[in-house]
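See structure below.
What's counted below: heavy atoms across the whole structure, side chains too, no hydrogens, waters or symmetry copies.
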Amino acid sequence: MNKKIIIAGLMAAGLAGCQSAPEQSKAVDLVGNWKLEYIMGQPTVDYSPAQINFDKDGKLSGNNSCNNFFGTYVQQGNTLTLNPAGSTMKACVDALMAQEQLVNQAMPLVKTAEMDGGKLELKGEDGEDLLVLTKL
């Protein structure tokens with residue numbers, strides 16, 4: 001009787017060892033300058049200077065269409081948090097000012113980063129594309 005219990009226990013332990021660990025999402029290499037192509041589903045204004053720069057040390061900077069901004073980011077796997085901290089405050093043409101407002105709204109909502117066809121997609125909680133970028 002005891003032999004059967006020991007064998008059953010060893011078999012259960014052996015099977016547990018065969019289970020695979022949960023798959024970790026591969027982190028997208030964000031480091032570098034990225035041009036904004038779409039913001040919350042809308043294409044950027046022609047000749048827009050909107051771009052985001054991700055430094056290796058977690059610093060975030062760029063141009064949100066009219067003004068320069070800075071802050072930090074945290075990336076763990078494909079999870080991404082953007083923390084814009086401040087920006088310059090100059091005025092621009094109305095189209096760029098409106099686009100800048102969309103960029104400023106979208107950045108804090110970003111939850112994940114994925115690559116698709118050479119484009120960096122920064123997605124919100126529901127998986128919707130908030131920002132779509134191409135590497136410069």
Side-chain angles (χ1 to χ4, degrees):
M1 177 77 166
N2 286 343
K3 252 186 179 176
K4 288 182 182 179
I5 294 173
I6 291 172
I7 291 173
L10 289 173
M11 288 177 65
L15 289 175
C18 292
Q19 293 179 350
S20 60
E23 191 175 314
Q24 287 288 328
S25 297
K26 185 177 178 187
V28 173
D29 182 12
L30 296 174
V31 175
N33 289 313
W34 297 85
K35 179 176 178 35
L36 282 154
E37 299 286 339
Y38 288 89
I39 304 159
M40 299 177 93
Q42 297 180 28
T44 55
V45 174
D46 287 342
Y47 306 107
S48 167
Q51 62 179 301
I52 297 177
N53 180 53
F54 295 95
D55 288 338
K56 303 188 250 199
D57 61 359
K59 290 185 181 166
L60 179 70
S61 61
N63 183 293
N64 53 16
S65 297
C66 181
N67 288 284
N68 294 322
F69 69 88
F70 61 92
T72 61
Y73 72 95
V74 177
Q75 181 183 24
Q76 294 179 323
N78 74 340
T79 301
L80 179 64
T81 304
L82 304 182
N83 302 303
S87 73
T88 58
M89 305 225 0
K90 63 184 178 181
C92 292
V93 296
D94 289 343
L96 289 177
M97 293 293 286
Q99 182 172 281
E100 176 178 89
Q101 288 180 340
L102 287 176
V103 173
N104 291 340
Q105 288 172 11
M107 283 198 297
L109 300 175
V110 169
K111 300 293 182 199
T112 61
E114 297 177 11
M115 288 298 294
D116 185 13
K119 301 224 183 257
L120 173 61
E121 297 176 342
L122 303 183
K123 298 179 176 280
E125 196 163 352
D126 295 334
E128 75 279 12
D129 287 341
L130 296 174
L131 302 167
V132 178
L133 306 97
T134 53
K135 190 109 184 209
L136 292 174

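The side-chain heavy atoms of Asp116 and Lys119, taken from C-beta on, include no pair separated by under 4.5 Å. Looking only at side-chain heavy atoms (C-beta outward), Pro108 and Asn83 stay at 4.5 Å or farther from each other. Using a 4.5 Å cut-off on side-chain heavy atoms (C-beta onward), Leu82 and Leu122 make contact. Residues Leu130 and Lys111 are not in side-chain contact: their nearest non-hydrogen atoms beyond the backbone lie 4.5 Å or more apart. You'll find the side chain of Ile39 reaches within 4.5 Å of the side chain of Val103, heavy atoms only. Side-chain atoms of Met115 and Glu121, non-hydrogen and from C-beta on, never get closer than 4.5 Å to each other.
The nearest pair of heavy atoms linking Gly32 to Asn53 is O-OD1, 3.0 Å. Here the closest heavy-atom approach between residue Ala113 and residue Leu30 is recorded as CB-CD2, 4.2 Å. Between Val31 and Lys56, the shortest heavy-atom distance links the atoms CG2-CA, 3.9 Å. Contact detail for Val45 and Ala95: the closest heavy-atom pair is CG2-O, 4.1 Å. Contact between Tyr73 and Asp55 at its shortest, heavy atoms only, is OH-O, 2.5 Å. The two residues Ala50 and Ser65 come nearest to each other via the heavy atoms CB-OG, 3.6 Å.
Atom CZ of Phe69 is separated from atom CD of Glu100 by 10.0 Å, given to the nearest 0.5 angstrom. Taken to the nearest 0.5 Å, the OG atom of Ser48 stands 4.0 Å off from the CD atom of Gln99. Rounding to the nearest 0.5 angstrom, the gap separating the CD atom in Glu37 from the OG1 atom in Thr134 is 3.5 Å. Summarising the geometry, atom CD belonging to Gln51 is positioned 6.5 Å from atom CG belonging to Asn63; distances are rounded to the nearest 0.5 Å. If you take CG on Leu133 and CG on Leu120, they are separated by 5.0 Å, rounding to the nearest 0.5 Å. Atoms CE and NZ, on Met97 and Lys90 in that order, are 10.5 Å from each other to the nearest 0.5 Å.
For CG of Asp94, the number of neighbouring non-hydrogen atoms (other residues, nucleotides, ligands) closer than 6.0 Å is 12 at most. Sparse packing is recorded around NZ of Lys59, with 12 or fewer heavy atoms of other residues, nucleotides or ligands lying under 6.0 Å away.
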- request: For Gln105 and Met40, run side-chain contact (heavy atoms from CB on, under 4.5 Å): C-alpha distance rounded to whole Å, both residues' side-chain angles, the deciding distance at 0.1 Å, then the answer.
  value: CA-CA 9 Å; Gln105 288 172 11; Met40 299 177 93; 4.1 Å; yes

Candidate pair Phe54 and Leu60, rule side-chain contact (heavy atoms from CB on, under 4.5 Å), full reasoning
CA-CA 5 Å; Phe54 295 95; Leu60 179 70; 3.7 Å; yes

Could you check Gln75 against Thr81 for side-chain contact (heavy atoms from CB on, under 4.5 Å), going step by step and ending with a plain yes or no?
CA-CA 7 Å; Gln75 181 183 24; Thr81 304; over 6 Å; no

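Linking ILVMFWY side-chain heavy atoms closer than 4.5 Å, directly or via other members, places Met107 and Val28 in a single hydrophobic cluster. Follow the hydrophobic side-chain contacts under 4.5 Å out from Leu36 and you reach Leu109 in the same cluster.
A donor-acceptor pair is defined here as one N or O able to donate and one able to accept, closer than 3.5 Å; such a pair exists between the side chain of Asn67 and the backbone of Met89. A donor-acceptor distance shorter than 3.5 angstrom exists from the side chain of Thr88 to the backbone of Asn68, with no hydrogens or angles considered.
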